[in-house]
Amino acid sequence: MLASIGYAVAYTAVGLVLLALGYLVLDLLTPGHLGRHIYQDRSVSAGIVLAAGFLAQGAIIFTTIWTNATAGFGQALLYTVVFGVLGVLLQALAFLALDLLTPGKMGALVTEVAFHPAALVSAAAQLSVAAIIVASIWP
């Protein structure tokens, strides 16, 4: 049982670092401070996009651990880091692609205080990218 507790702590620590990385990248892709948009300005759109990013990263992290746990702790942890970083990068790429394909600046649209439908589109893109990555993970 102690080993499992240690694994849980290690996976959670790596997961939190990956979630923070995803947050920082999304913060770079949007104007101003993402935290301020959500917590001070109460931007529902920014909250939706960040929540989708967290759920997407969580799905990738869960899948890497779940599908690689029998391969050993070290390999499963490595898969978690590699696919987690890949998820952050590919989600950022999807965000930038949407920005090129749609009118307006995606970063500005998804940080408006009033709800903007672009937030749902961006959230769906993040979740879709995560689903593709999840499907590609195999031990």
Side-chain angles (χ1 to χ4, degrees):
M1 181 154 103
L2 288 177
S4 293
I5 292 170
Y7 298 154
V9 169
Y11 286 128
T12 301
V14 167
L16 290 173
V17 168
L18 290 168
L19 289 174
L21 178 64
Y23 174 89
L24 292 172
V25 169
L26 186 58
D27 190 33
L28 290 173
L29 294 171
T30 55
H33 269 287
L34 186 59
R36 275 195 213 114
H37 288 299
I38 296 169
Y39 296 103
Q40 292 176 352
D41 300 338
R42 298 178 181 256
S43 170
V44 173
S45 296
I48 289 169
V49 173
L50 181 59
F54 281 166
L55 290 171
Q57 275 300 106
I60 294 167
I61 293 163
F62 169 84
T63 304
T64 57
I65 295 167
W66 188 262
T67 59
N68 293 287
T70 58
F73 173 68
Q75 183 172 342
L77 197 62
L78 177 63
Y79 266 72
T80 302
V81 171
V82 169
F83 279 96
V85 171
L86 182 66
V88 169
L89 295 175
L90 292 177
Q91 286 171 332
L93 184 63
F95 189 94
L96 293 171
L98 271 176
D99 190 35
L100 290 174
L101 296 171
T102 57
K105 296 300 293 172
M106 185 61 67
L109 297 175
V110 301
T111 55
E112 289 182 4
V113 173
F115 170 75
H116 196 289
L120 295 177
V121 175
S122 179
Q126 289 185 37
L127 293 169
S128 297
V129 167
I132 294 165
I133 294 170
V134 162
S136 72
I137 298 170
W138 196 255

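In this chain, residues are counted from 1 in sequence order. Just so it is clear, the structure is predicted and the values come from calculations on it, not from any experiment. Keep in mind that the numbers below use all heavy atoms, side chains included, and drop hydrogens, waters and symmetry copies.
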Non-hydrogen atoms of Ala92 and Val25 that approach each other most closely: CB-CG1, 3.7 Å
CG-CE distance between Leu96 and Met106, expressed to the nearest 0.5 angstrom: 10.0 Å
Hphob cluster co-occupancy, Val129 + Leu50, side-chain heavy atoms under 4.5 angstrom: no
Least distance between heavy atoms, Asp99 atom then Lys105 atom: OD2-NZ, 3.0 Å
Tyr23 side-chain N/O to Gly35 backbone N/O, donor-acceptor pair under 3.5 Å: yes
Where Ser122 and Val49 come nearest, the two heavy atoms and their spacing: OG-CG1, 3.8 Å
Ile133/Ile137 under side chain to side chain contact (heavy atoms under 4.5 Å, CB included): CA gap, chis, key distance, verdict: CA-CA 6 Å; Ile133 294 170; Ile137 298 170; 4.2 Å; yes
Exceeds 12 heavy-atom contacts within 6.0 angstrom, atom CZ of Phe115: yes
Ser45 side-chain N/O to Ala119 backbone N/O, donor-acceptor pair under 3.5 Å: no
Non-hydrogen atoms of Ile48 and Ala123 that approach each other most closely: CG2-CB, 3.9 Å
From CA spacing to verdict: side chain to side chain contact (heavy atoms under 4.5 Å, CB included), Val14, Leu18: CA-CA 6 Å; Val14 167; Leu18 290 168; 3.9 Å; yes
Any Thr111 side-chain heavy atom under 4.5 Å of Pro31 side chain: yes
Shared hydrophobic cluster for Leu120 and Val44 (ILVMFWY, side-chain gaps under 4.5 Å): yes
Nearest-0.5 Å distance that lies between atom CG in Leu55 and atom CD1 in Ile60: 11.5 Å
Residues Arg36, Asp41: salt bridge by 4.0 Å N-O rule: no
Connected via hydrophobic side-chain network under 4.5 Å: Leu93 and Phe83: yes
Residue pair Gln126 / Ala56: nearest heavy atoms and the distance that separates them: O-CB, 3.6 Å
Donor-acceptor under 3.5 Å (Gln57 side chain, Leu19 main chain): no
Step-by-step side chain to side chain contact (heavy atoms under 4.5 Å, CB included) determination, Val110 to Phe95: CA-CA 11 Å; Val110 301; Phe95 189 94; 4.1 Å; yes
Same apolar cluster: Leu26 and Tyr39, side chain cutoff 4.5 Å: yes
Path from Leu34 to Val88 over hydrophobic side-chain contacts below 4.5 Å: yes
Test side chain to side chain contact (heavy atoms under 4.5 Å, CB included) applied to Phe62 and Val134, step by step: CA-CA 9 Å; Phe62 169 84; Val134 162; over 6 Å; no
Mutual orientation of the aromatic rings belonging to Tyr7 and Phe73 [parallel < 30°, tilted 30-60°, perpendicular > 60°]: parallel
Nearest atoms (heavy-atom pairs only) where Gly47 meets Ile38: N-CG1, 3.8 Å
Thr80 (side chain) donor-acceptor with Ile61 (main chain) under 3.5 angstrom: no
